[in-house]
Structures are given as structure tokens and as C-alpha cells.
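The next block holds one structure in the form of C-alpha cells; read it before the comments.
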There are 2 protein chains.
Amino acid sequence: MDETLCMPRRRKCAATTREMIFEAARARFLSESYDTVGMRDIARDAGVDVALVSRYFGSKEDLFRLVLKGGEDRKFELPGNAAELPAFFLSMIAQGEDAECGHQRDKLMIMLRSASSPAAAEVIRSSFGRDVLEPLAGVIGEPNADARAVLAMALLIGTNFLKTVMPIEPLSQDELSHFRAELLRLFERVLVPQA
Amino acid sequence: MDETLCMPRRRKCAATTREMIFEAARARFLSESYDTVGMRDIARDAGVDVALVSRYFGSKEDLFRLVLKGGEDRKFELPGNAAELPAFFLSMIAQGEDAECGHQRDKLMIMLRSASSPAAAEVIRSSFGRDVLEPLAGVIGEPNADARAVLAMALLIGTNFLKTVMPIEPLSQDELSHFRAELLRLFERVLVPQA
DNA sequence: ATATAAAGTCAACAAATGTTGACGTGCGTG
DNA sequence: CACGCACGTCAACATTTGTTGACTTTATAT
């Protein structure tokens, strides 16, 4: 039985090119909207023919759905107790490329970018509710778990939107420190129950 | 000399059809992304031929730019002193159709919807900085006017995004009241200096 | 009534979109 | 060696996109 991974003796391996296409699609969807990303763009980035994209991942919508699911990664992964949430949310905004929270933020950004494309809207909505909002409300806990989860996500999404989708000219240095500190305090206010 | 407005004795008047097209475009851009809105959609809504859209407003990008400018309306209009800002921001989220703040929110929503379309991005960015962020920072005042303006807009944008672009299933009634009260407190914390 | 200019319609264009089928190529096995 | 299969390429498709030019209709002015 052959390994499912790419064997070096075979010059061309479907699994690796599939991965390349997937990664190219992921990068594209991360920085552009669903409609503006073309199959040919993805194919060019991956260094393959356009036909292969459709061949390996059925339709464009299927590909997008798979990218949004995050490949083999499972659900949104967030801290177990509410006390660690504010720092976690802040790290989702700071541009440090933590491997752990990078995936999470990427998923969120992909959702942000394509949320207003009808073809991608339903996929995004269901994934957002199931994989993000619901688990978050679970960690936050009563009272008003849902409302506070929405509030926290609104703050996170708004900030990331201004930062990434609609790039804001960078704030001055002391303003930025104030920005971060205030942001952390806001997250604490919304997320931890006793505050 | 003729009046520039449509005269009733003339059956067809360019100004009124131009207005119809403009209004149709406005409505479309308000609920869809720049890329998904087609010239033919706008024309159908306005009840005219596609060619007229291109004839009256040069290109699609020109039309979008004009819609974003708000027709004849001038810049973003917001309360003069910082104390009234929180209530104003909250009213921008509540779905009450105040004539005064309706225009403002519509502009914001149009920006939100099409921000990730490269063709519309630069138009939106410049308008957002010039017409929204800058005046807001002026009203907020020191210290850290820019940072706090960004923070407030992040909260507003995030909430409106979750509410409109990615429609969230409605919160329960007491959660919603908590939501609004907490939201107002957050806006107060960010916007009024002494808080 | 006839000419003139505005207002609108029709058809077509070039380019780009997602998707599909036929075809070529190199590998491992009979 | 030759067969068959996995892997990939090429070309073309049907649609849709924004935009443009020529033509028709309508209302005013001479």
C-alpha cells in the first residue's frame, strides 16, 4: 500500500499540488473578496493549470468552503476559561504571527473579506455561528453569554476591519500604546463576568 | 431660460431619470458588494436601459464614487460636542430610520459592503478618512483623539457588520436590552474624555 | 409643417468568468 | 516491451461583465 503523502520517486504527486492549490487559494481569499478572486489567479499562484483547480476541488464555492473550514484543522480553538480571553482577543489584533492564533485570525479575516458576496455569505454565516460565536459564548458563561460574545466579536471584527480591510494610516506611537491598553480594558469589561 | 428641474409638460426628463438611476444604484450598493452589483441590475431597478447608466454617470466606478459622496449632501454630520456622541453612535446601530442619521449610516454601510473590492477600496478609504474619521477625532478632542476615534468606529463598524452584513440571529429580549445598555456604556467610555 | 436637438432604445463589442471534455505524458506493472 | 493509469495541459464552451456606437422617438423652435 502506498503512502498517501508524496513519494519522492514519483515526479508529480497529486497530493502536493493539491496542497499548493489549496494554499494559494487560502492566501488569495485572505487578501481579496470571494468575487474578485479568480480561479486563474489561484492557479497562477500555485503554478498549475486552471483546470486542475476545478478538477481537485469541485466548484469555486466548494473550494472556498474547504478553505474556510481550514483544511484539516478542527473548530475554533480558544482559551478554556474566561480570564484568559481578553489577552487572547488582543493577540488576535496585534500582528504577531503566533502559530496558534494565526489560523484563527486568518479564518476570521477570510470571513470578513467575503461576507458580502452572496455566494459565500451562507457558508460564512453558518461557520461563524457554529465555529466562533457558539463556542465563545460557552467559554464566557452567564449572564448574557450570547450578547457579550457578540459584543466582543464586534469589537474584534471592527478593529481588524479597520486595520486590514480598510487600512488606517498608523497611529502615533503613544496613541498606539493607549489604543492597545484601552482595547484590552474594553475586552476585559465585556468578557470577564465580574468586571 | 428653462428650469433645470423636470418640467411636467415634457414627458421625459433627463434629470429625473438620472435621479432614478442614482437612487437605484444607491439601494443596490447599500445591500450588495461593488462587484456583485451589475449595471444591468441598477438599470432594471430604475426601469431604464443599461446604456443610460453608463451615459449619465461615466463608468461604474464613477457612479460608485458619486453614490458614496451622497449626492448633494455634504460631509458627515455629527453632534458638536463629545457628550452627545455616545447616544448618536447608539442610534447609528438601532434600526430606527431617523432621517438625520440614516444618511450617515447608509454611507457607512456602503463603505462596509464594498471595502474589499479593489476598484472601490481607494475611494472608500479616502472618503472614510476625510469624511468620517477626521471630523470625529475633531469632536472627540484630546487626549488621544485619533486612537479613540478609531476605537469608537471599530465598535460601530463591528456591530453593524454583525447585524447587517453577517446577519446574526436575534438575541433574546433581555439579552438585547443588556446589549444596548452595555454598548452605550462602552461608547461613553471611549468617547467622553473624563470617563 | 419641418428642422433641430434632446432623451432613450437596440444591438453589439471585447474581455473575463467558471467549468468541462479531449488530449498528451510519464510512471509502474503485466 | 507494451499496456494502463495517474497526472497534467490545451483549447474551447457558455455566460456575464462594462461600455460604446448607431438608430429611433419625442418635443420644442423656426
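Below, chains carry the letters A, B, ... as their sequence lines are ordered, and counting in each starts from 1.
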Please report, rounded to the nearest Å, how far the [atom2] atom of [N] is from the [atom1] atom of [X].
X: B:D62; N: D:dG18; atom1: CG; atom2: C1'; result: 12 Å
X: A:R55; N: C:dT20; atom1: CZ; atom2: P; result: 10 Å
X: B:I42; N: D:dT17; atom1: CD1; atom2: P; result: 11 Å
X: A:R44; N: C:dA16; atom1: CZ; atom2: C1'; result: 12 Å
X: B:D41; N: D:dT19; atom1: CG; atom2: P; result: 14 Å
X: B:Y34; N: D:dT17; atom1: OH; atom2: C1'; result: 11 Å
X: A:M20; N: D:dG8; atom1: CE; atom2: C1'; result: 14 Å
X: B:I21; N: D:dT19; atom1: CD1; atom2: P; result: 14 Å

Report the nucleotide, chosen from [options], that has the shortest atom-to-atom distance to any side-chain atom of [X].
X: A:L52; options: C:dT19, D:dG8, C:dG8; value: D:dG8
X: B:A51; options: D:dT20, D:dT9, D:dG8; value: D:dT20
X: A:K60; options: C:dT9, D:dT9, C:dG18; value: C:dG18
X: B:M39; options: C:dT9, D:dG18, D:dC10; value: D:dG18
X: A:D49; options: D:dC7, D:dT9, D:dT20; value: D:dT9

Original post:
Cation-pi between A:K69 and A:F64: NZ/CZ under 6.0 Å from ring centre and within 45° of the ring axis?
Top reply: no
Original post:
Just checking, B:K107 and B:F128: is the charged tip under 6.0 Å from the six-membered ring centre and within 45° of the axis?
Top reply: no
**OP:** Using distance alone, with no hydrogens and no angle criterion, decide if B:E19 and B:T16 have a side-chain donor and acceptor under 3.5 Å apart.
**Re:** no
**OP:** For B:D131 and B:S127, test the side chains for any donor-to-acceptor distance below 3.5 angstrom and give the result as yes or no.
**Re:** yes
**OP:** Verify the cluster assignment for A:L176 and A:L184: are they in a single hydrophobic cluster under the rule of side-chain heavy atoms below 4.5 Å apart?
**Re:** no
Original post:
When we call it a touch if two heavy atoms are under 4.0 Å apart, what does A:V53 touch: a base, just sugar-phosphate, or nothing?
Top reply: nothing
Original post:
Touch check for B:Y56, heavy atoms < 4.0 angstrom, all strands: base, sugar-phosphate only, or nothing?
Top reply: sugar-phosphate
Original post:
Would you say a side-chain N or O of B:T17 is under 4.0 Å from OP1 or OP2 of C:dA7?
Top reply: no
Original post:
When you match A:R40 and A:V48 each to their closest nucleotide on DNA chain D, which lands nearer the 5' end?
Top reply: A:V48
